[in-house]
Protein chains: 2
Amino acid sequence: MGKATGAKPNGSVTSHDIARLAQVSQATVSRVLRDDPKVRPATRERVMKVLAETRYEPNAAARAFRAGRADSIGVVVARLSYQLYPAMLEAIGAQLARLGRRMIVWDSDHGGDAPAIRALRQGVVDGVILTAATSESEFLREVPAEGSAVVLLNRIVADYASDQVSSDNLDGGRRVAEYLVACGRKRIALIGGIPRASTIRDREQGFRKALDRLGVGLPPHYYFRSENFTHANGEQAVTRLMELASPPDAIFCVNDVLAMGAMDGARARGARVPDDLWIVGYDDIEIASWGAYDLTTVRQPMERMVGQAIDLLLSRIDKRDAPVAHKCLANELVIRGSTGRQSPPAAASRKKPRP
Amino acid sequence: MGKATGAKPNGSVTSHDIARLAQVSQATVSRVLRDDPKVRPATRERVMKVLAETRYEPNAAARAFRAGRADSIGVVVARLSYQLYPAMLEAIGAQLARLGRRMIVWDSDHGGDAPAIRALRQGVVDGVILTAATSESEFLREVPAEGSAVVLLNRIVADYASDQVSSDNLDGGRRVAEYLVACGRKRIALIGGIPRASTIRDREQGFRKALDRLGVGLPPHYYFRSENFTHANGEQAVTRLMELASPPDAIFCVNDVLAMGAMDGARARGARVPDDLWIVGYDDIEIASWGAYDLTTVRQPMERMVGQAIDLLLSRIDKRDAPVAHKCLANELVIRGSTGRQSPPAAASRKKPRP
DNA sequence: CCCGATAATGTATTCGTAGTCATTTCCGGT
DNA sequence: ACCGGAAATGACTACGAATACATTATCGGG
């Protein structure tokens, strides 16, 4: 008994078997499979009949091997515990599925980008969407930026020459600042984080700059830099801010979970939101709209960002040497109960800078 | 110019190139790559040097083709908007990564199980974990249960002969009922859902049976069957229940998001939790522990369930004709503020049935 | 120092598909 | 009926890694 070289996933039905049964050549079977127009309808039908009867499925490995592409796209995600990221993953998956591509997922918490980059080099995937890069240097070493099928989504790495898509975080921070000031908030605080991600840095910077420009400014004691972006961090941060002699009357948190932590922490100390304290988040995750939080926040155009990223990636796979593109989409301030549902006076929405 | 047959992902470095550069045969290169012990250390070193210099990566398609396996596992997920599922996906991804397997993800909201099953038959993946099956019949048709590398996670389909892993939902429902009764709740209600998933059915049934057994029972007007499992559904449900002449003093919701919706809805109507109303959820998603909800709920042993599912799947891939296994793990009641942090009197924890 | 056993390495082949190129079939116009 | 050109089909091969089998190198014991 000759030991089979490998398990045939399909019960060993190959295009040759189909050819024999349909009394055509294997080449013709291949043509039918690939919808090649130069097959006579009668022949096509005969082959299709056999294909259906045998429940044939082409061997994907052989096909990928021969065709030189995998029809799969790699996606590196992180922190799936933060609702924004599953939502993004869902959007990516849906759009890729619509385009007939499979999605291979890696969590950067376990090995960073390296496994995805290796998969790209091995041809497991045709391209990679990096939605988070734990240590940016890691993949910078691995991939020569030159024409690599890599796109950064929701992240900007200025010195890396790949396609990149994000929303305008500077502008998002600016919007929040202008909104709070326009609504008459006087003591405005910021809960930020270790700026390992450019997105966070930009939100903070846009916020600060706008406050400066509006003559309000952000005193150091009104800035809290949390280690991570968790609910507990938000609670901790708000506790500190409320211990101040003159506690803030509004806090901008650079993401929604921090904001919810801040809200829970503030309430635990007896403060009422929004009566005593306004809180603004960032991302508009699903929970933000729920009654318990009803959080004013900044919404990123997720679907469009994903669409752009995928477009860029597929174009790049097609044409490796096209110039790289950096897309930056506009955000939207969603006003809810955590700021008393108060719209800004008309004057506030005066200009729309595009940095 | 001869058109290249396919894009070589690696810049066209093949094991033959390595062989030439290291002055050995391609077979020896392959042996080094696969850690075959019968290569002399000196030779191995020479080859490894060239491998490193050229930054060679084996062509995954060719390897998969030849070896007959993809080293990838498919995972079908659904409703990533419900935090439990990203958490599960994260656990699956981490464990698969540790075992050197890639994870291809499909969202059953877009095409059901069919794409995953097709991928299995094409050899794109070596096995499939189904964490949700929109329409069970769909894949029942497609896959002969006989020895297919398919495992159901968090779902039981009694008449389908595949490996299956879940937690004991009947027992989970029972625990909640016994807890509420033991703590003296008198008017106990249930917010359930359309039972298209066996898990939900079991939670409800375990809850009902225990109430019956304890002589409390569940009157029809204390049962609300919601269409879906969203926050809005929970709000709607609790509104109905609170309109009753004699509103409940405790509500069990078959998942956490329903429970949070119920809590927000109850508060919106002026009820205080837990003073006026106890609420219990199911799943212990991350938010359940946050201050705004602080929800008593039932926690499933997610990591262990995932581990079991992967074990079963990999065993099955290895040994197609082993008898199928149905694993059912025990749950845990997590008591929090939504039930006043009240522990049940000792008498309540009398027996541990294993159905 | 040679023999035989064993370790190390090389040679040749295989996997299934999708191409290229060669050949046959078809069909309309005469 | 015949011819020519186009359409349809078939024969053959390449892709890259892994492995069975063949061959060569190595080394210990006599």
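Naming convention: chains lettered A, B, ... in sequence-line order (proteins, then strands); numbering from 1 in each chain.
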Dump the intermediate steps for side-chain contact (heavy atoms from CB on, under 4.5 Å) on Leu89(B) and Val75(B), then the final yes or no. CA-CA 8 Å; Leu89(B) 187 63; Val75(B) 180; 4.0 Å; yes

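The base of dA11(D) has none of its N or O atoms less than 3.5 Å from a complementary donor or acceptor on the side chain of Gln26(A).
The shortest distance between the side-chain N/O atoms of Tyr56(B) and the OP1/OP2 oxygens of dG16(D) is not below 4.0 Å. For the OP1/OP2 pair of dT9(C) and a distance below 4.0 Å, the side-chain nitrogens and oxygens of Thr28(B) include no atom meeting the criterion. Neither OP1 nor OP2 of dT9(C) sits under 4.0 Å from any side-chain N or O of Ser25(B). Of the side-chain N and O atoms in Arg44(B), none sit less than 4.0 angstrom from OP1 or OP2 of dA8(C).
Counting all heavy atoms, side chain and backbone alike, Thr199(A) lies closest to Asn154(A) at CG2-O, 3.2 Å. The shortest non-hydrogen separation linking Val76(B) to Ser108(B) is CG1-CB, 3.6 Å. Smallest separation of non-hydrogen atoms from Trp106(B) and Gly74(B): CZ3-CA, 3.7 Å.
Residue ring and base: Phe65(B) counts as stacked with dC15(C) (centre distance below 5.5 Å, interplanar angle below 30°).
When rounded to the nearest whole Å, the span between CG of Asp36(B) and P of dA18(D) equals 11 Å. Going from atom NE2 of His16(B) over to atom P of dC15(D) covers 10 Å, rounded to whole Å. Nucleotide dA18(D) holds its P atom 4 Å from the CZ atom of Arg63(B), rounded to whole Å. In this structure, Asp35(B) atom CG and dA17(D) atom P are separated by 16 Å, rounded to whole Å. A straight line from CZ of Arg34(A) to P of dT20(C) spans 10 Å, rounded to a whole angstrom. Between Arg46(A) atom CZ and dA8(D) atom P the separation is 14 Å, expressed in whole Å. At whole-Å resolution of the value, NZ in Lys38(A) and C1' in dA7(D) are 8 Å apart. Summarising the geometry, the separation between CZ on Arg66(B) and C1' on dT17(C) is reported as 16 Å, rounded to the nearest angstrom.
In this structure, Ser30(B) reaches the bases: a heavy-atom distance under 4.0 Å links it to at least one base atom across the strands shown. Residue contacts shown for Val29(A) are absent, as no nucleic acid heavy atom lies under 4.0 Å away.
The side chain to side chain donor-acceptor pair (under 3.5 Å) pairs that include a residue from residues 36-48 of chain A number zero, where partners must be two or more places apart or lie in different chains.
For the pairing with Arg316(A), the side-chain hydrogen bond (donor to acceptor under 3.5 Å, both in side chains) check across Asp321(A), Asp163(A), Asp126(A) returns one residue only, Asp163(A).
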Heavy-atom contacts, protein to nucleotides 21-27 of chain C, under 4.0 Å, summarised as B (base), S (sugar-phosphate only) or - (none) per nt, yield -----S-

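Checked against side-chain hydrogen bond (donor to acceptor under 3.5 Å, both in side chains), Tyr85(A) has no partners two or more places apart in sequence or in another chain.
The side chain of Ala27(A) lies closest to dG19(C), out of dA8(D), dG19(C), dG16(C).
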